[in-house]
Amino acid sequence: MATTTSSPPSDTSAPARPAGRSARRRGDGRFVLACLLPALVLFVLFMVVPTVNVFRMSFYTWSGFSPDMRFVGFDNFTQLFEDAQFVRAFQNTVALLVVVTVVTMGMGLFLAAIMTRQRLRGRNFYRFVLYVPNVLSVVVIAAIFSAIYDQQNGLLNGTLRLLSLDGLQQVWLGDQDIVLWSVAIAMVWQSLGYYMVLYMSSMASIPEELYEASGLDGASPTRQFFSITLPLIWQNLRTTLTFFVMSAVNLSFVLVRAMTGGGPDGSSEVLLSYMYKQAYTNSSYGYGMAIGVVIFAFSFLVSLLVSRATRREPLQF
Amino acid sequence: MRRSLVLAGAAVTVLGLLTGCSAGGDGADSGKTTLSVAALEGGYGRDMYTQVIQAYEAAHPDVDVQLQISKSIEDEITPNMKAGRYPDVVVLGQGRKAALTETLVKDKALEDLTPVLQANVPGESQTVSAKLIDGIVGNLNTNPYGDDKTYLMPMYYAPTGLVYNKGLFEEKGWEVPATWDEMWALGDKAKKDGIALFTYPTAGYLDSFFFALLADVGGEQFYNDVMTYKQGVWQTPQAKQVLDIATKLLSYAAPTTVGYANEQDFTKNQQSILDNKALFMPNGTWIVGEMADAPREDGFAWGLTPLPAAGEGGKRYITTSVESVWVPGAAKNKDAAKDFVAYLYSDAAAKIFAQSNAIQPIKGIVDSLSGENAEFYKVYEDPSVTALVGGFASTAPVPGVDIKATLFDTANSVISGDKTQDQWQSALNDASEKLRQAGS
């Protein structure tokens, strides 16, 4: 391959040089294109085409199988806003997005700061323990939380009984006012370790001198956190915010499906689980795709807003 | 030269990737008909299918039957179906989450199987319809469009009613209630012993309860009106009475019911019957196998009863779940498929199925049963009890409207007090009206 790299031509005459170089450059371009082609084809085939199809299908009523699709324009979308169950699923998704993001980010930052700044004994062990939920499959997590939330012999109600706090016992997965928060707790538990490790890695790269210097100036650890740590990991924080939006949409679907099935009576339904129900169980594929478009637009918009709102001049150490 | 080699290499890679996506080639053309059969691996297991296919192939050497069987068979055959490669025979009932059968019914994409009924069972002298028990075909379950054409052949049938512990009733000296008044009296009596009258695994199991209750209260005509979304049917006094009874029964439900009524925990609701914490739950014959390894109280014995009669001496219906076998309209080997479907009702096949507790609706088969199955299928012998088959009629899909969810899942909200009976009734009326408009 050494001959194809651009070593300056040694014995060609001056007028021939530009032509030779451009021919070579064109050749390089072709080679790069050829290398990119397989990935490009796969990307278009499995990402672009289906996404375009989602948008196209949302204008049709179609059961999913039959050859007859009927174009209905924006009917699917107008119906969405009259569908109380859809509105509820939307509200639930937004609630989960806000609560899970705030709690996970707050706790993740706090734990990461403690683990990197305070020389905690056994911190590697804590890090391991907190990270483990992230590698578990969602079905396992659902089973674990089914054992925790069990209304009779569950860990949670059992502990409350032990502490003589019987009045605080709840039917965690059966009470329509609580069930969504039960799902939220499982989501936080699952993703906390992942974000903590992300934050820890960027905190570890902050030079120690900054802390020493500010310490000599009399800054407290809290002050150090807000004035040094937070501004310096800001870019990292922004990236994770986009992750939160995605996980609120995707992770909530798998957890809800495994833990509650959207119940009781639709009270823990989220956008994706409702889309699945409509597209498949209710044979309204076009309507499901309209929900898909709403999800796409919603997550896109939220990501954009969050990224705009948090834009800062990047700080260098 | 080298560049063209690289390009050619890239092209080959891309082509290789693309062809990798398409399915493998068809079997060799040896003159044999290849019949592809897809079946749901339900509680009955998969062995019975391989045995029946072996027996069929032995009798039909020119047919090669390919069996595809899975617990989520819809996920496996759907991608191929969308690509136009349909299985020839599918054994899959209605009421599954993926709703593949319902979707194809709504699309009118099933093959008319009425000729199979008139055909002789291969190797026997009787026709298929002569072997089937009375009343099992000709309802909305087999003739989904309400005409006289059969699209779904009844494969296995099982009574679903209220499941209870016979041992407990004997021990306490209680009678299984025959009317709702006796039911409420029993509920109050049991409450004193700390036993709840009622529970359900998940709200979806209430289908057997509601279908039978509708027919008990208003007769078969009323039941059919509800199932075909007759205008204003949910505002009739009969509908009110059905919801009255349901709401009252739900007020007797075990306090743990709603919290466990999800995919993850529903067996805990079923366990409360085994633990004598609840008296009745709607369920079917599969419960015996499903809870076979569960711990139970001493003297426990499974019992199954139809719902109490709506009035003194009233007719009682028992919802009968029927799994179906059907042929997609786009199948390649329809004739071979129909012959195979007819063979499924032969004595040889029925015997194999029955060994796995899969009971087909064939005359005389009940006499050969033993154990719990004999006990369960005995309910059909009571002259006041009639089998009730079917379910909501198919309409064009209506986005956002799922009347089954409205009828069953709302029970969770009624127990917890999040919805009232009036809200329930008006939601049902709305859903039914929307579906009626879509159907006509």
Side-chain angles (χ1 to χ4, degrees), chain A residues 1 3-4 27 30-31 33-35 37-38 41-42 45 61-68 75-76 79-80 82-86 142-143 145-146 149-152 170-177 257-267 277-278 280-288 290, chain B residues 2-3 6-11 13-14 16-18 21 74 78 81-82 96-100 102-109 202-204 255-265 268 328 330 394 396-402 404-405 408-416 418-419 427:
Chain A
M1 291 304 282
T3 50
T4 56
R30 273 198 210 130
F31 177 71
L33 195 72
C35 289
L37 201 63
V41 167
L42 291 178
L45 203 63
T61 55
W62 185 41
S63 64
F65 283 98
S66 67
D68 49 304
D75 274 14
N76 284 331
Q79 252 160 346
L80 271 184
E82 292 161 15
D83 186 346
Q85 192 58 51
F86 167 76
F145 273 88
S146 150
Y149 288 143
D150 189 300
Q151 49 186 320
Q152 289 174 313
Q170 299 289 349
V171 188
W172 301 102
L173 293 178
D175 189 324
Q176 305 201 0
D177 300 325
R257 233 175 110 72
M259 279 172 71
T260 68
D265 197 17
S267 54
K277 267 191 191 158
Q278 286 301 320
Y280 298 103
T281 315
N282 203 27
S283 318
S284 307
Y285 198 77
Y287 189 65
Chain B
R2 191 166 289 163
R3 250 168 235 148
V6 170
L7 274 176
T13 316
V14 172
L17 283 167
L18 288 178
C21 298
E74 300 95 334
T78 310
M81 288 167 69
K82 289 197 172 162
R96 299 260 306 160
K97 251 211 175 98
L100 178 63
E102 284 92 332
T103 303
L104 290 179
V105 166
K106 286 174 188 169
D107 272 355
K108 303 202 161 54
T202 69
T256 50
T257 302
V258 178
Y260 288 148
N262 56 54
E263 301 284 308
Q264 191 83 42
D265 294 325
K268 292 178 185 164
S394 294
V398 181
V401 178
D402 182 355
K404 282 191 210 159
F408 309 143
D409 286 357
T410 310
N412 284 329
S413 289
V414 170
I415 292 183
S416 62
D418 288 288
K419 280 185 188 156

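Values below: every heavy atom of this structure, side chains too, minus hydrogens, waters and symmetry copies. Chain letters run A, B, ... following the sequence lines, proteins first and then strands; every chain starts at 1. Remember, it's a predicted structure, so these values are computed and weren't measured experimentally.
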Problem - Worked verdict on B/L104 versus B/M81 for side chain to side chain contact (heavy atoms under 4.5 Å, CB included) - result: CA-CA 11 Å; B/L104 290 179; B/M81 288 167 69; 3.7 Å; yes
Exercise for the section: Give, as side chain, backbone, both or neither, the part of A/Q152 having an atom under 4.5 angstrom from any heavy atom of chain B. Expected result: both
Practice task
For chain B, find which of A/L173, A/D177, A/D150 contributes the most heavy-atom pairs closer than 4.5 angstrom.
Solution key: A/D150
Problem - Pairwise side-chain contact, A/Y149 with A/M259, heavy-atom cut-off 4.5 Å (strictly under) - result: yes
Exercise for the section: Check step by step if side chain to side chain donor-acceptor pair (under 3.5 Å) holds for A/S283 and B/E102. Expected result: CA-CA 8 Å; A/S283 318; B/E102 284 92 332; over 6 Å; no
Handout entry: Proximal component of B/K419, with respect to chain A [non-hydrogen, under 4.5 Å]
Key = side chain
Practice task
Give a yes or no answer on whether the side chain of A/Q170 reaches the backbone of A/D175 with a donor-acceptor pair at less than 3.5 Å.
Solution key: no
Handout entry: Proximal component of B/K268, with respect to chain A [non-hydrogen, under 4.5 Å]
Key = side chain
Handout entry: Atom group of B/S416 that falls short of 4.5 Å from chain A, counting heavy atoms
Key = side chain
Exercise for the section: Please confirm whether the backbone N or O of B/V401 pairs with a side-chain atom of A/N282, one donor and one acceptor, at under 3.5 Å? Expected result: yes
Fill in the blank from the handout: So, the part of B/Y260 with a heavy atom under 4.5 Å from chain A: the answer is both
Practice task
Give, as side chain, backbone, both or neither, the part of B/L100 having an atom under 4.5 angstrom from any heavy atom of chain A.
Solution key: side chain
Handout entry: Side chain proximity check, A/Q79 to A/S284, heavy atoms < 4.5 angstrom
Key = no
Handout entry: Interchain contact, A/Q151 with chain B, by part (heavy-atom threshold 4.5 Å)
Key = both
Practice task
Let me know if A/A143 has heavy atoms under 4.5 Å from chain B in its side chain, its backbone, both or neither.
Solution key: both
Handout entry: Closest non-hydrogen atom pair, B/N412 against B/A203
Key = ND2-CB, 3.9 Å
Fill in the blank from the handout: Of B/G400, B/A99, B/G259, B/P255, the largest count of non-hydrogen pairs under 4.5 angstrom with chain A goes to B/G400
